[in-house]
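These notes are about the structure you will find just below.
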Number of protein chains: 2
Amino acid sequence: MKMKSVTSRDVAQLAGVSQSAVSRSFSPNASVSAKTRKRVLEAARQLGYRPNTIARSLITRSSKTIAVVIYSLENPFYSSVLERASKFFQARGYHLQLFVAPLGKAFDEVIDDILRSQVEGVLMLAISITRAQAGEIAAVGVPVVIINRTVDYEGISQVSCDNYQGGYWAGQLLAASGHQRIAFLGGLIGSSTNEQRQAGFLSALAERGMTCHGVDVGNYRYEDARFATRRMFSARQIPDAIFAANDLMAIAAMETLRHELGLKVPQDVSIVGFDDIPMAAWPSHSLTTLQQPIELMIVKATELLLNQINQTESRPDHIKLPVTPMLRNSARSASG
Amino acid sequence: MKMKSVTSRDVAQLAGVSQSAVSRSFSPNASVSAKTRKRVLEAARQLGYRPNTIARSLITRSSKTIAVVIYSLENPFYSSVLERASKFFQARGYHLQLFVAPLGKAFDEVIDDILRSQVEGVLMLAISITRAQAGEIAAVGVPVVIINRTVDYEGISQVSCDNYQGGYWAGQLLAASGHQRIAFLGGLIGSSTNEQRQAGFLSALAERGMTCHGVDVGNYRYEDARFATRRMFSARQIPDAIFAANDLMAIAAMETLRHELGLKVPQDVSIVGFDDIPMAAWPSHSLTTLQQPIELMIVKATELLLNQINQTESRPDHIKLPVTPMLRNSARSASG
DNA sequence: TTGAAAGCGCTAACAA
DNA sequence: TTGTTAGCGCTTTCAA
């Protein structure tokens, strides 16, 4: 659908000025007389002229575009992050280019794609990347901030919450309230968040001389977590508490226990989640969980990115933010 | 963060060929000898060269970018739509530029912004636009498809489900099962989906000689719907059924009734929603609802957009897809 | 098949 | 403050 497309030249002609006068009239602080600018803007209006961002980007070498890479939007936590990041960047005059990361090596092509599109920064949400991939991006000099994943590569900024501390708190809560068989419902295997949450959790148990009753994997997804729950509760010795590595899985476990296995939460089984998605606060679930400081994470991540883009204090950084326990009713606090 | 940035000229020099040979080597079907291309690609690899998409766009006048405009991601239905649309376009070599539409007249600026960025198409998700705004976009000649909103402007394609039919089905179900005081929990006032769902609903009631017991507004949002529910149930005569214009509000109503007002669903109050978001199928909610054919909507919308972009059969079109009733347990089917 | 040359629409020196 | 000029990095004629 190509149209004639009005150019600054057309406007210049109509306004009876030079083409650069038109350009200047559309630059916030360029030296143009008010009179010229007025004439130009009027001519532009008449012709329906709009500066071509692409041509501008080519010459200024700044696309004012940030790539946001996300794995999936199934988890409302990341919809929320995406929405806020989007508003944040828009307010600062940046465009967002959305990439849904495919699995496997197709991801390399996405990286290539991103790099070709001349974005000024990359924001990755819960995307695990390899050192090689990190290096490839860094070589081009595009600032990257990863939210909720740790990558073993300096030169890439990271923002996450204190996953270890969160896991530790969950373990401590469940152990202290007399649970005997505490299980872990894990997220994506090998993801840093999952490992850190699990490590904190295990260490809290260990401090009380306890070990984890069992581990299964739900890949941070609802359906997978339901299967995992069924497996866990088909054993002879069933857990009396579950720490799930995110809320979506915690709720999946809760639903399965209550509506499929006839168990009561928290009377028979306590459940603790992670994230504090909106559904965790829905009364039906009333999930005890660890709240991630989503707003603060966005602010930090975007600041980091923008600072690197604008060279002000451009060192990459690793930021770890505190989590907030949300005590609701899915885990009993005192018990026999 | 500007880098030296390797250009095709650098590659040409290293490979000992002309700059245009480099360009050709990166075009799928250009006439280059295998030998030349190999030499070029090798030189490119050595230098870490990647074709600059912006420069390419400028000359080919095709940005391979689609703007997606969304109002909010609070409703998982639209996260889901966004995720699928994103995958769909990525698979076809398009980039997605995400715009979260602000309210009020700031939206005009977003439109302007979109138009300046030379996108090849615009996909709007549940965005209400005025005739004036539609005209502005159409004047530039950028194809637009709106999902889930009707706009009174030919030249803009629309894809939605049969909202009227869905509302009608809900009204019929509730009326036929003996409910006496059926209320409507509305979405965004003035939105076409809301009006159509309500109209279908009312007409089903009217056919049975019934009228709507009451109407309140939840703006398609969870919290607003909770307030609306409290208002509805503080009246002397409380409803014995609610049709909510989307699932998020239906669940909000259900939560409020069960956990705040001590009413049973569906025994005391039946609830029907619209959308069939994942949470509707969660056993706790088990929400009877109308499923929108989300996959099909995306396919149709993206096809429409791509066809218009590529001039093949380029007429704008209005597509209305059928909804599927999902009978779960939030509405009783027979009653006294 | 290849290279030279002409721009895409704009910004940014540089003079005037 | 203005116009002229030279490109940004690429694709695409046009000849060779």
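A, B, ... follow the sequence lines: proteins, then strands. Residue 1 opens every chain.
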Listing, residues 296-304 of chain A side-chain donor-acceptor contacts under 3.5 Å, not counting sequence neighbours, or none:
| unit_1 | atom_1 | unit_2 | atom_2 | d |
| --- | --- | --- | --- | --- |
| Thr302(A) | OG1 | Ile298(A) | O | 2.5 |
| Thr302(A) | OG1 | Val299(A) | O | 3.1 |

Does Gln97(B) form a side chain to side chain donor-acceptor pair (under 3.5 Å) with Thr65(B)? I'd like the steps, not just the answer.
CA-CA 7 Å; Gln97(B) 209 144 76; Thr65(B) 298; 5.4 Å; no

Does a side-chain N or O from Thr7(A) land closer than 4.0 Å to OP1 or OP2 of dG9(C), or not?
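For Thr7(A), the contact criterion (side-chain N or O under 4.0 Å from OP1 or OP2 of dG9(C)) is not met.
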
Does the protein touch nucleotides 11-16 of chain D at the base, only the backbone, or not at all? Give it as B, S and - per nucleotide, heavy atoms under 4.0 Å.
BBB---

Five-pair end axes of the helix from dT1(C)-dA16(D) to dA16(C)-dT1(D), angle between them (10°)
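Here the local axes at opposite ends form an angle of 30°.
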
Is the charged tip of Arg45(B) near the ring of Tyr49(B): under 6.0 Å from the six-membered ring centre and within 45° of its axis?
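Checked: cation-pi criterion not met.
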
Can you confirm if the NZ or CZ of Arg92(B) lies within 45° of the ring axis of Phe88(B) and under 6.0 Å from the centre of its six-membered ring?
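Yes.
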
What is the distance, to the nearest angstrom, from the [atom1] atom on [X] to the [atom2] atom on [N]?
X        : N       : atom1 : atom2 : answer
Arg61(A) : dT11(C) : CZ    : C1'   : 12 Å
Leu58(A) : dC8(C)  : CG    : C1'   : 9 Å
Gln13(A) : dG9(C)  : CD    : C1'   : 15 Å

For Glu42(A), the option from Arg39(A), Lys38(A), Gln46(A) that meets side-chain hydrogen bond (donor to acceptor under 3.5 Å, both in side chains)
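Only one option passes, and that is Gln46(A).
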
Tell me whether Glu154(B) at atom CD has more than 12 heavy atoms from other residues, nucleotides or ligands lying less than 6.0 Å away.
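Atom CD in Glu154(B) is not packed in, count stays at 12 or less.
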
Above 12 or not: heavy atoms from other molecules or residues under 6.0 Å from CZ of Arg9(A)?
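No, because the 6.0 Å sphere around CZ of Arg9(A) holds 12 heavy atoms or fewer from other groups.
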
For DNA chain C, the residues among residues 34-48 of chain B that have a non-hydrogen atom under 4.0 Å from it
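Within residues 34-48 of chain B, the residues near DNA chain C are Thr36(B).
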
More 5' along DNA chain D: Arg50(B) or Val17(A), using each one's nearest nucleotide?
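First, find each residue's nearest nucleotide; the 5'-ward one identifies Val17(A).
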
On DNA chain D, compare the nucleotides closest to Arg9(A) and Ser31(A); which residue's is nearer the 5' end?
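Of the two residues, Ser31(A) wins.
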
Between Ser20(B) and Ser23(B), does the side chain to side chain donor-acceptor pair (under 3.5 Å) criterion hold? Intermediate values first, please.
CA-CA 5 Å; Ser20(B) 35; Ser23(B) 170; over 6 Å; no

Side-chain polar contacts of residues 132-141 of chain B - donor-acceptor pairs under 3.5 angstrom, sequence neighbours left out - could you list them?
| unit_1 | atom_1 | unit_2 | atom_2 | d |
| --- | --- | --- | --- | --- |
| Gln133(B) | OE1 | Thr130(B) | N | 2.9 |
| Gln133(B) | OE1 | Thr130(B) | OG1 | 3.3 |
| Gln133(B) | NE2 | Asp108(B) | OD1 | 3.0 |

Contact class for Ser33(B) vs. all strands (heavy atom < 4.0 Å): base, sugar-phosphate, or nothing?
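Contact class for Ser33(B): sugar-phosphate only.
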
Listing, residues 144-151 of chain A side-chain donor-acceptor contacts under 3.5 Å, not counting sequence neighbours, or none:
| unit_1 | atom_1 | unit_2 | atom_2 | d |
| --- | --- | --- | --- | --- |
| Asn148(A) | ND2 | Tyr78(A) | OH | 3.1 |
| Asn148(A) | ND2 | Gln292(A) | OE1 | 3.3 |
| Arg149(A) | NE | Ser128(A) | OG | 3.2 |
| Arg149(A) | NH1 | Thr193(A) | OG1 | 3.2 |
| Thr150(A) | OG1 | Gln196(A) | NE2 | 3.2 |

Are Phe99(A) and Val122(A) packed together at the side-chain level, in the sense that at least one heavy-atom pair is separated by less than 4.5 angstrom?
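Heavy-atom side-chain distance check fails, nothing below 4.5 Å.
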
